[in-house]
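Naming convention: chains lettered A, B, ... in sequence-line order (proteins, then strands); numbering from 1 in each chain. Note that the structure is predicted; figures quoted are calculated from it, not measured.
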2 protein chains.
Amino acid sequence: MKVDELDAKIVRLFTEEQRMSVLEASRILKVARATVQARLDRMIANGVIARWAPEPEPRAFGFPVVAFCFLTINQDLGHDAVSKTLAEIPEVIEVHTVSGDSDLMARVAARSNSDLQRVLDIIMATKAVVRSSSVIALNTHFEGRTLPLLEAAARG
Amino acid sequence: MKVDELDAKIVRLFTEEQRMSVLEASRILKVARATVQARLDRMIANGVIARWAPEPEPRAFGFPVVAFCFLTINQDLGHDAVSKTLAEIPEVIEVHTVSGDSDLMARVAARSNSDLQRVLDIIMATKAVVRSSSVIALNTHFEGRTLPLLEAAARG
DNA sequence: TCGGATCTGGGCAGAATGCGCAATGGATGT
DNA sequence: ACATCCATTGCGCATTCTGCCCAGATCCGA
């Protein structure tokens, strides 16, 4: 979908002030309330705004460790079947099929480094994965920073 | 912070129905409105709810390609300085310091595979990075699935 | 130049919010 | 047993926002 600068400004407003109302946004941007409504509806309908929900942060409730695990899967099962199996483990936050030496990459949260071992054991115990190799995130500089990209897309 | 099952149910409600109001949530959960308010305020104050904002999805506005880039940084600069430099590139969505052979891992969005090359060139041109190696996400099975983990934390 | 899409400003009923309050209940420490 | 603290409850009230409708103005692409 094509987005323009007004779209980006709307998203920025609602991102920076979570208590922003549509009416208040329309006042700030000096457009009609119906316009803000319509833009939001359109962006949600087209998936430009994928979700708009409270985001639990594992670091804040006992899971300070994040690791990226590269998995080689059991070839008897497909990627989809394996990802479905992994989806049953709550510590698995994210799964992609990737290019390169491995088949899948998973983002995993854990209570500690030794707890990460426990989660990896659970993953291996499913028999869906035959090999894994992990990289631990020692420090997260930033995440989910999609707003600048939206603004870049809006400019041209 | 400690979360209980009511906290998790509240987050789940607001995640599944974006038009959920605090009043409606209190009716569904059969608790007082003030309780839902207080729980939300507490979770936001403690960072359990890290953000509550419209999430732009790069795939929906012209950036269907996602790659994870492992970067070796110029040792004259620190990790923080390099991540700040990377933060000026809108296509860089996420940056972590990681264990293993590389120094940083970055999530990068791009318009196409050849556009990814352009972004990588921009990254290298900063002179903050001396080597990079990328893994392309061919298929994203799921992302940002933190709710099951919150519920697990609430149970135990 | 025409037609469709978008933006505008307005109104209106219903709903939700922000705020304050006193009473209740449960857990804890002495 | 008792006092204390804190979360929860139910209530009311003024203010604000939403959802929905409309007619007219305006913009943009075919």
A:Q18 CD - C:dG18 C1' separation (whole Å):
15 Å
Rounded to whole Å, please give me the gap between CG in A:L40 and C1' in C:dC7.
15 Å
Validate the cation-pi geometry between A:R111 and A:F63: distance from NZ or CZ to the six-membered ring centre under 6.0 Å, angle to the ring axis within 45°.
yes
If the test is salt bridge (charged side-chain N to carboxylate O under 4.0 Å, His left out), which one of A:E16, A:E55, A:E17, A:E57 qualifies with B:R51?
A:E55
Closest nucleotide among D:dT8, C:dA16, C:dC7 to the B:R39 side chain:
D:dT8
Which word best sums up how the rings of B:W52 and B:F14 line up, parallel for under 30°, tilted for 30 to 60°, or perpendicular for over 60°?
perpendicular
Categorize A:R27 for me: base, sugar-phosphate, or nothing, with a 4.0 angstrom heavy-atom threshold over every strand shown.
sugar-phosphate
Whole-Å distance between D:dC6 P and B:L6 CG?
20 Å
When the nearest nucleotide of DNA chain C is assigned to A:K30 and to A:R19 on a heavy-atom basis, which residue is associated with the more 5' position?
A:K30
With nearest nucleotide decided by heavy atoms, which residue, A:Q37 or B:A38, maps closer to the 5′ end of DNA chain D?
B:A38
Side-chain donor or acceptor of B:R33 under 3.5 Å from a matching atom on the base of C:dG18?
yes
Can we call the ring centroids of B:F142 and A:H96 under 6.0 Å apart?
no
Whole-Å distance between D:dC11 C1' and B:L23 CG?
13 Å
Between A:L29 (CG) and C:dT8 (P), how many Å, whole number?
10 Å
Checking contacts here: which listed nucleotide (C:dT8, D:dT9, D:dT18) is nearest the side-chain heavy atoms of A:S21?
D:dT18
